[in-house]
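In this chain, numbering begins with 1 at the start of the sequence shown. Just so you know, these numbers come straight off a predicted model, no measurement behind them.
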Amino acid sequence: MVFCVVWYVGGLSYKFIFGTLAIAVPAAIIFFVMVLQPDQTLINEYQQKRILAWLEPEKYAQTVAYQQTNAMMAIGSGQLWGKGLNNTMLSVKNGNFVSEPETDFIFTIVGEEMGFAGGCAVVVLLFLITLECLNVARKAKDLAGTCIASGIAALVGFQSFVNIAVATGIFPNTGVPLPFVSYGLTSLVSLYIGMGIVLNIRLQCVRKYNN
């Protein structure tokens, strides 16, 4: 996704993009149907089970779909305002019903402890970060700055969408952290480096307009 955004911003013809999509979308559908076959060899068995558990969570409720099902239940149990931070009563986090609650399923904890309002706040903040990166890309003084800022925007936006989609059952289970929220040194350092570069591009924009 990051490469696609950078290529588009860098001047790749929309005809090539639409032509690629015209081939990629049907190919993706065919691939998806093929990996669901019992005797397929395209992906590993555990990967296939994750997809099957996503399509039929009731059938795999006690195995592969266990944590994703519990994650959705936890988010729903938070209702509007949540159960409160570090709440120990009927907590999914403290009851070990979801593995990796501090990384891959951190949005589950946000939904449970801070409710729908807290979840929306996190989504809005991540959206504003993405929007500001795109704003910097629009004002960058050269194509390199535009591509870099757009790439960081795509990284934050797409990674946020995938993580939240997994926690809410829209996507199959994956190992993507939630930017600036999930615990993890590598993810945080990478994102902070990227945001530092975007801030530098923004500084160059200010100097350009001042001159």
Side-chain angles (χ1 to χ4, degrees), residues 1-37 40-44 47-48 50-52 54-55 68 104 107 119-120 122-182 184 186-209:
M1 182 59 67
V2 173
F3 277 119
C4 290
V5 170
V6 171
W7 286 336
Y8 174 74
V9 172
L12 190 66
S13 173
Y14 71 91
K15 294 181 180 180
F16 180 80
I17 294 174
F18 286 132
T20 302
L21 288 176
I23 299 173
V25 172
I29 296 174
I30 294 172
F31 176 79
F32 185 76
V33 173
M34 291 177 63
V35 299
L36 294 179
Q37 303 305 313
Q40 64 84 32
T41 57
L42 296 173
I43 60 176
N44 295 322
Q47 294 172 321
Q48 183 190 43
R50 285 187 178 185
I51 298 176
L52 292 172
W54 170 61
L55 294 173
Q68 195 166 32
D104 299 349
F107 191 77
C120 286
V122 171
V123 172
V124 169
L125 288 173
L126 290 170
F127 176 75
L128 290 176
I129 292 173
T130 303
L131 202 62
E132 182 59 25
C133 290
L134 291 175
N135 186 46
V136 172
R138 183 177 61 86
K139 296 180 179 179
K141 67 177 184 178
D142 53 28
L143 182 59
T146 300
C147 290
I148 293 172
S150 299
I152 298 299
L155 178 64
V156 174
F158 182 69
Q159 194 167 301
S160 300
F161 172 74
V162 171
N163 180 278
I164 296 173
V166 169
T168 53
I170 299 174
F171 279 5
N173 193 359
T174 60
V176 178
L178 187 61
F180 304 109
V181 182
S182 293
T186 304
S187 175
L188 283 175
V189 169
S190 301
L191 288 168
Y192 282 136
I193 291 173
M195 294 307 299
I197 296 173
V198 171
L199 290 174
N200 185 269
I201 296 171
R202 173 64 176 171
L203 179 61
Q204 302 303 320
C205 297
V206 174
R207 289 178 178 175
K208 181 184 73 171
Y209 287 116

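- Residues Ile152 and Ile197 are not in side-chain contact: their nearest non-hydrogen atoms beyond the backbone lie 4.5 Å or more apart.
- Nearest heavy atom pair, residue Cys147 against residue Gly10, reads SG-CA, 3.9 Å.
- Rounded to the nearest 0.5 Å, atoms CD1 (Ile148) and CG (Leu143) are 9.5 Å apart.
- The distance from atom CD of Gln40 to atom CD of Gln47, rounded to the nearest 0.5 Å, is 9.0 Å.
- In this structure, CG on Leu188 lies 13.0 Å from CE on Met195, to the nearest 0.5 angstrom.
- Here the CD1 atom belonging to Ile129 is positioned 8.0 Å from the OG atom belonging to Ser160, to the nearest 0.5 angstrom.
- Within the 3.5 Å criterion, the main-chain N or O of Gln37 finds a donor-acceptor partner in the side chain of Gln48.
- Here the straight-line distance linking atom CG of Leu126 with atom CG of Asn163 works out to 9.0 Å at 0.5 Å rounding.
- Among residues at least two apart or in separate chains, there is no ring pair (Phe, Tyr, Trp, His ring centres under 6.0 Å) pair with a member in residues 17-36.
- Within the 4.5 Å cutoff, no side-chain heavy atoms of Ile201 are placed close to those of Gln204.
- Checking side-chain atoms of Gln159 against main-chain N and O of Pro177 turns up a donor-acceptor pair under 3.5 Å.
- Looking only at side-chain heavy atoms (C-beta outward), Ile51 and Ile43 come within less than 4.5 Å of each other.
- Under the 4.5 Å side-chain criterion, counting only non-hydrogen atoms from C-beta, Leu191 is in contact with Phe180.
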Report the C-alpha distance between Leu178 and Val122 in whole Å, list the side-chain angles of each, state the deciding distance to 0.1 Å, and finish with yes or no for side-chain contact (heavy atoms from CB on, under 4.5 Å).
CA-CA 10 Å; Leu178 187 61; Val122 171; 4.2 Å; yes

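- One distance of note links CZ of Arg202 with CG of Asn135; it measures 6.0 Å at 0.5 Å rounding.
- Applying the ring pair (Phe, Tyr, Trp, His ring centres under 6.0 Å) test to every pair with at least one member in residues 123-169, sequence neighbours left out, gives these pairs: Phe161-Phe171.
- Counting only distance, with no hydrogens or angles, the side chain of Gln68 and the backbone of Pro172 share no donor-acceptor pair below 3.5 Å.
- At least one side-chain heavy atom of Val123 sits less than 4.5 Å from a side-chain heavy atom of Ile164.
- The aromatic ring centres of Tyr14 and Tyr8 sit 6.0 Å or more apart.
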Apply side-chain contact (heavy atoms from CB on, under 4.5 Å) to residues Thr174 and Val162 and explain how you reach the verdict.
CA-CA 8 Å; Thr174 60; Val162 171; 3.8 Å; yes

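- At a threshold of 4.5 Å between non-hydrogen side-chain atoms, the residues Ile17 and Trp7 do not count as touching.
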